[in-house]
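Report on the structure given below.
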Amino acid sequence: MYLKDIYIYPIKSLGGIRLEESILEERGLKFDRRWMLVDKEGMFLTQRTFPEMALLQVEVGDSGLLVYHKNDHSHRILVPFQPQTNYFLSVTIWDDVVIGQKVDQQVSKWFSETLDRECDLVIMPESTERKLSPKYAVNSESVGFADAMPYLLIGQTSLDELNGRLEVPVPMDRFRPNLVFAGGNPFEDDTWDKVQVGEAVFKITKPCARCVMTTVNQVTAEKSKEPLKTLATYRTFDHKVMFGQNMLLLSGDKIKVGDEVVPFLK
């Protein structure tokens, strides 16, 4: 088994980026979900409610993030790496309330106009610690703005098996993984306790519960019932539909496509 793909999603719920290699950090891959859009109450925004967010693509540049509309590349804005305001605010992501920093007034204006709703882009300052639940943490780890855990792993054979059940196959981007491995059997990661990728070692914390976001076409922003409907018929455990594994980092500094993947069973 080997590492087939690496993905980051710098701004939560916007388009992802495939990488050949990446730096590992406690909170997740470098740049992964360190930024997030929030409404005027500080509540996080995602494709679950606003599927049109899928149409905004992100690229990592030298001085910041370039964001543009997939249907009109000229409609774009540069998000500076360093926040241009000193405005800190409480932001809510699921059950967590943490401090975010507003990036730039013009950036917030661009997103508000593009998405046709008032919102602000915030970054997670280094001083903010969003701690993992003690139930899953090993060394009191923190996570960025990802839903649950710093890393998400999916096997390509698991997607292939799912697509064999669907009338219209879906791409991996529906599931927004960080690491995709090739080889092995479908869903064999259910039995893993840890996994070594190259020189890095990850602890598998829990399966990833899937939601309606998997039904959003990442190219058109259209919603349907699949693949969640089919997945629910055979991947439902404790009333949750599971696909992929949440993980945290135990050791290692970087990963690259082609790295050997070696599991350690439970």
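Environment of CG in Asp72: crowded, with over 12 heavy atoms of neighbouring residues, nucleotides or ligands closer than 6.0 Å. Within 6.0 Å of OH on Tyr87 lie no more than 12 heavy atoms contributed by other residues, nucleotides or ligands. By the neighbour-count criterion of 12 heavy atoms within 6.0 Å, atom NZ of Lys229 is sparsely surrounded, having that number or fewer from other residues, nucleotides or ligands. Within a 6.0 Å sphere centred on CG of Asp96, heavy atoms belonging to other residues, nucleotides or ligands number more than 12. Other residues, nucleotides and ligands contribute only 12 or fewer heavy atoms inside 6.0 Å of the CD atom of Glu199.
Of all non-hydrogen atoms in Val195 and Trp192, the two that sit nearest each other are CG2-CZ3, 3.9 Å. Heavy-atom minimum distance, Val219 versus Leu55: O-CD2, 3.2 Å. Of all heavy-atom pairs between Gln105 and Thr85, the closest is N-CG2, 4.3 Å. The minimum heavy-atom distance linking Leu152 with Gly244 is given by the pair CD1-C, 4.2 Å. Minimum interatomic distance between Gly100 and Val91 (heavy atoms only, all atoms of both residues): N-CG2, 4.2 Å. Residue Ser142 comes nearest to Glu129 through the heavy atom pair OG-CB, 3.6 Å, listed as atom of the first residue, atom of the second, then distance.
With rounding to the nearest 0.5 angstrom, the CD atom of Gln196 is 7.5 Å from the OG atom of Ser251. Here Met213 contributes atom CE and Thr46 contributes atom OG1; the two are 6.0 Å apart, rounded to the nearest 0.5 Å. Taken from CG in Leu19 to CD1 in Ile17, the straight-line distance is 6.5 Å, to the nearest 0.5 Å. Here CD of Glu21 is found 11.5 Å from NZ of Lys30. Values are rounded to the nearest 0.5 Å. The structure places NZ of Lys12 at 11.0 Å from CG of Leu37, a figure rounded to the nearest 0.5 Å. The structure places CZ of Arg210 at 13.0 Å from OG1 of Thr236, a figure rounded to the nearest 0.5 Å.
When atom types are taken as modelled, the side chain of Asp104 and the backbone of Gln106 share a donor-acceptor pair closer than 3.5 angstrom. Here the side chain of Thr205 pairs a donor or acceptor atom with the backbone of Asn246 at under 3.5 angstrom.
Ring centers of Phe111 and Trp35: at least 6.0 Å apart, outside the cut-off. Side-chain rings of Tyr2 and Phe181 stay apart, their centers remaining 6.0 Å or farther from each other. The aromatic ring centres of Tyr151 and Phe202 sit less than 6.0 Å apart.
Under the 4.0 Å criterion applied to side-chain N and carboxylate O atoms, Asp193 and Lys203 are assigned as salt-bridge partners. Salt bridge Arg27/Glu25: absent, no basic N to carboxylate O contact under 4.0 Å. Asp32 and Arg176 are not joined by a salt bridge, as no carboxylate oxygen comes within less than 4.0 angstrom of a charged side-chain nitrogen. A salt bridge is defined here as a Lys NZ or Arg NE, NH1 or NH2 lying under 4.0 Å from an Asp or Glu carboxylate O, and Lys40 with Asp120 meets this definition. A salt bridge is absent between Glu118 and Lys109; no separation between the charged side-chain nitrogens and carboxylate oxygens falls under 4.0 Å. Taking 4.0 Å as the cut-off between side-chain N and carboxylate O, Arg165 and Glu167 do not count as a salt-bridged pair.
Checked against Phe31 for a ring pair (Phe, Tyr, Trp, His ring centres under 6.0 Å), the options Phe145, Tyr9, Phe81 give a single hit: Phe81.
In the hydrophobic clustering of this structure, Val257 groups with Leu29; members are Ile, Leu, Val, Met, Phe, Trp, Tyr whose side-chain heavy atoms approach within less than 4.5 Å, directly or through other members.
With a 6.0 Å cutoff to the six-membered ring centre and a 45° limit on the axis angle, Arg235 counts as a cation-pi contact of Phe187.
With a 4.5 Å cut-off on side-chain heavy atoms, Arg117 and Ser112 do not count as touching. For the pair Asn178/Ile6, no side-chain contact is recorded, criterion being any heavy-atom separation below 4.5 Å from C-beta on.
Between Asp190 and Gln245, the side chains place a donor N or O and an acceptor N or O closer than 3.5 Å (distance only, hydrogens not considered). At a cut-off of 3.5 Å, with distance as the only test, a side-chain donor of Thr114 or His75 sits close to an acceptor on the other residue. Between the side chains of Glu59 and Tyr68, a donor-acceptor pair is found at a separation under 3.5 Å.
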